[in-house]
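Atoms within a ligand are numbered from 1 in the order they appear, just like the ligands themselves. All heavy atoms count here, side chains included; hydrogens, waters and symmetry mates do not. Quantities reported herein were computed from a predicted structural model and do not represent experimental measurements.
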Amino acid sequence: MIGLFIAFEGGDGAGKSTQVELLADRLGQLGYAPILTRQPGGTTLGRALRDLVLHGEHMSPRAEALIFAADKAQHVEELIRPALLAGEIVITDRYTDSSVAYQGAGRDLGAEEVQRLQMWAVHDLVPDLTVIVDITAEEGRRRRGAVHDRLESEHDGFHEAVRDHFHALAAADPQRYLVVDGTDSPTQIAARVWERVEPMLPGVPS
Ligand code: TYD
């Protein structure tokens with residue numbers, strides 16, 4: 001696969017979206033035009049699924065896992081894979097590791113099974129780099145304030161299990177992951193991300 005595929009992961013309130021924007025700005029200054037997207041919700045179908053899964057009524061954990069997987073299948077087929085094949089830089093706010101951590105570890109469906117489901121959904125497409133913006137459950141809750149979607153409103157124990165699983169994924173494959181401290185300043189975090197991304201960049205398109 002040509003192109004460059006970068007995912008940002010982390011707990012709710014970690015500041016992933018700010019980092020996606022800071023990285024995109026820096027790339028833009030150098031003449032790159034990265035494609036920014038997010039999960040759930042990167043496609044028309046994904047936006048409908050996002051509403052269902054984040055704001056709907058109670059659903060069974062397996063139904064939840066399948067909806068997140070369906071969002072990813074559509075997202076990869078419609079947007080991410082064609083963009084990478086065209087040599088683009090794609091930056092996504094959350095990807096398969098969110099499901100492995102939230103549904104696998106948080107909901108306790110089993111990380112390995114959810115990983116297999118996710119890999120089936122995305123035809124085994126893994127990012128070149130996954131940045132995990134690390135934050136404690138307590139700090140995440142403080143930053144999120146009063147507005148909660150279905151996942152955010154889970155108790156701190158759920159969010160700690162999610163966090164531990166992100167750490168485990170990163171520890172198992174340090175080449176493909178970067179863990180940054182979400183309590184550092186956004187500029188400090190962006191600088192660490194840049195150190196890892198810069199050597200991976202393709203030539204600037206003319
Ligand atoms: P999030 O990126 O936090 O959306 P927003 O920035 O608008 O709050 O993602 C929404 C929630 O969905 C978040 O709590 C994590 C959860 N999630 C899963 O549980 N599984 C997944 O596969 C994905 C992509 C997200």
Side-chain angles (χ1 to χ4, degrees), residues 5-24 36-43 45-80 90-122 125-127 130-166 169 182 186:
F5 185 23
I6 301 171
F8 282 78
E9 298 276 16
D12 294 277
K16 293 172 284 97
S17 314
T18 305
Q19 289 305 319
V20 168
E21 275 165 33
L22 289 174
L23 177 57
L36 308 189
T37 188
R38 71 167 175 176
Q39 294 187 346
T43 60
L45 175 63
R47 282 183 281 282
L49 295 173
R50 181 182 174 89
D51 265 356
L52 269 179
V53 77
L54 295 186
H55 306 296
E57 296 297 308
H58 168 78
M59 64 178 69
S60 83
R62 281 171 191 256
E64 180 183 288
L66 287 165
I67 293 179
F68 278 117
D71 168 70
K72 289 178 177 68
Q74 188 67 26
H75 196 200
V76 164
E77 175 160 328
E78 186 178 319
L79 192 146
I80 299 178
V90 178
I91 307 175
T92 183
D93 191 335
R94 294 195 185 278
Y95 191 57
T96 53
D97 288 343
S98 274
S99 202
V100 177
Y102 280 79
Q103 280 69 54
R107 290 278 187 243
D108 218 6
L109 287 176
E112 278 177 25
E113 267 193 289
V114 174
Q115 168 77 9
R116 274 201 297 277
L117 171 68
Q118 289 289 313
M119 286 301 109
W120 181 80
V122 302
L125 178 67
V126 291
T130 297
V131 179
I132 293 179
V133 187
D134 183 42
I135 197 175
T136 63
E138 193 184 349
E139 176 64 9
R141 178 164 38 77
R142 197 185 60 74
R143 290 187 187 183
R144 290 195 300 276
V147 186
H148 297 301
D149 63 39
R150 278 184 59 255
L151 280 299
E152 286 173 351
S153 55
E154 284 296 334
H155 55 95
D156 281 7
F158 175 96
H159 289 284
E160 280 303 339
V162 168
R163 181 185 186 215
D164 288 348
H165 202 79
F166 279 134
L169 288 169

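Residues Leu125 and Tyr95 form a side-chain contact, since some pair of their non-hydrogen atoms from C-beta on lies under 4.5 Å apart. With a 4.5 Å cut-off on side-chain heavy atoms, Arg94 and Tyr102 count as touching. Contact of the Glu113 side chain with the Arg116 side chain is registered, since non-hydrogen atoms from C-beta on lie closer than 4.5 Å.
Not one N or O of Ser17 is nearer than 3.5 Å to an N or O of ligand 1, by distance alone.
For the residue pair Thr43/Gln74, the side-chain donor-acceptor check at 3.5 Å is not satisfied.
Residue-level proximity to ligand 1 for Glu64 is absent, since no heavy atom of it falls below 4.0 angstrom.
Around the CZ atom of Arg62, the shell of radius 6.0 Å holds no more than 12 heavy atoms that belong to other residues, nucleotides or ligands.
In terms of protein heavy-atom proximity, atom 18 (C) of ligand 1 is closest to Phe68 CZ, 3.2 Å. Given atom 3 (O) of ligand 1, the protein heavy atom at minimum distance is Asp12 OD1, 3.2 Å. From the protein, the heavy atom lying nearest to atom 5 (P) of ligand 1 is Arg50 NH2, 3.4 Å. Residue, atom and distance of the protein heavy atom nearest to atom 22 (O) of ligand 1 are Lys72 NZ, 2.5 Å. Leu54 CD2, 3.5 Å is the protein heavy atom nearest to atom 12 (O) of ligand 1. When only non-hydrogen protein atoms are considered, atom 20 (N) of ligand 1 lies nearest to Gln103 OE1, 2.9 Å. Distance from atom 2 (O) of ligand 1 to its nearest protein heavy atom, with residue and atom name: Arg94 NE, 2.9 Å.
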Problem set entry | CA sep, side-chain torsions, deciding dist, call: Glu138, Arg142, salt bridge (Lys or Arg N to Asp or Glu O under 4.0 Å) | CA-CA 6 Å; Glu138 193 184 349; Arg142 197 185 60 74; over 6 Å; no
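Close approach of ligand 1 to Glu152 (heavy-atom distance below 4.0 Å) involves ligand atoms 8 (O). Taking every non-hydrogen atom of Arg38 and a distance limit under 4.0 Å, the qualifying atoms of ligand 1 come out as 7 (O). Per-residue contacts place Gln39 under 4.0 angstrom from the following atoms of ligand 1 (heavy atoms of the residue considered): 24 (C). Every atom of ligand 1 with a heavy atom of Lys16 under 4.0 Å away is listed here by number and element: 2 (O).
For Arg50 and Asp71, the salt-bridge test fails: no basic side-chain N is under 4.0 Å from an acidic carboxylate O.
In summary, of the residues considered (Asp12, Asp97, Asp134), a salt bridge (Lys or Arg N to Asp or Glu O under 4.0 Å) with Arg163 occurs for Asp134 alone.
A search for side-chain contact (heavy atoms from CB on, under 4.5 Å) contacts involving Asp149 returns Leu54, His55, Leu151, Glu152, not counting sequence neighbours.
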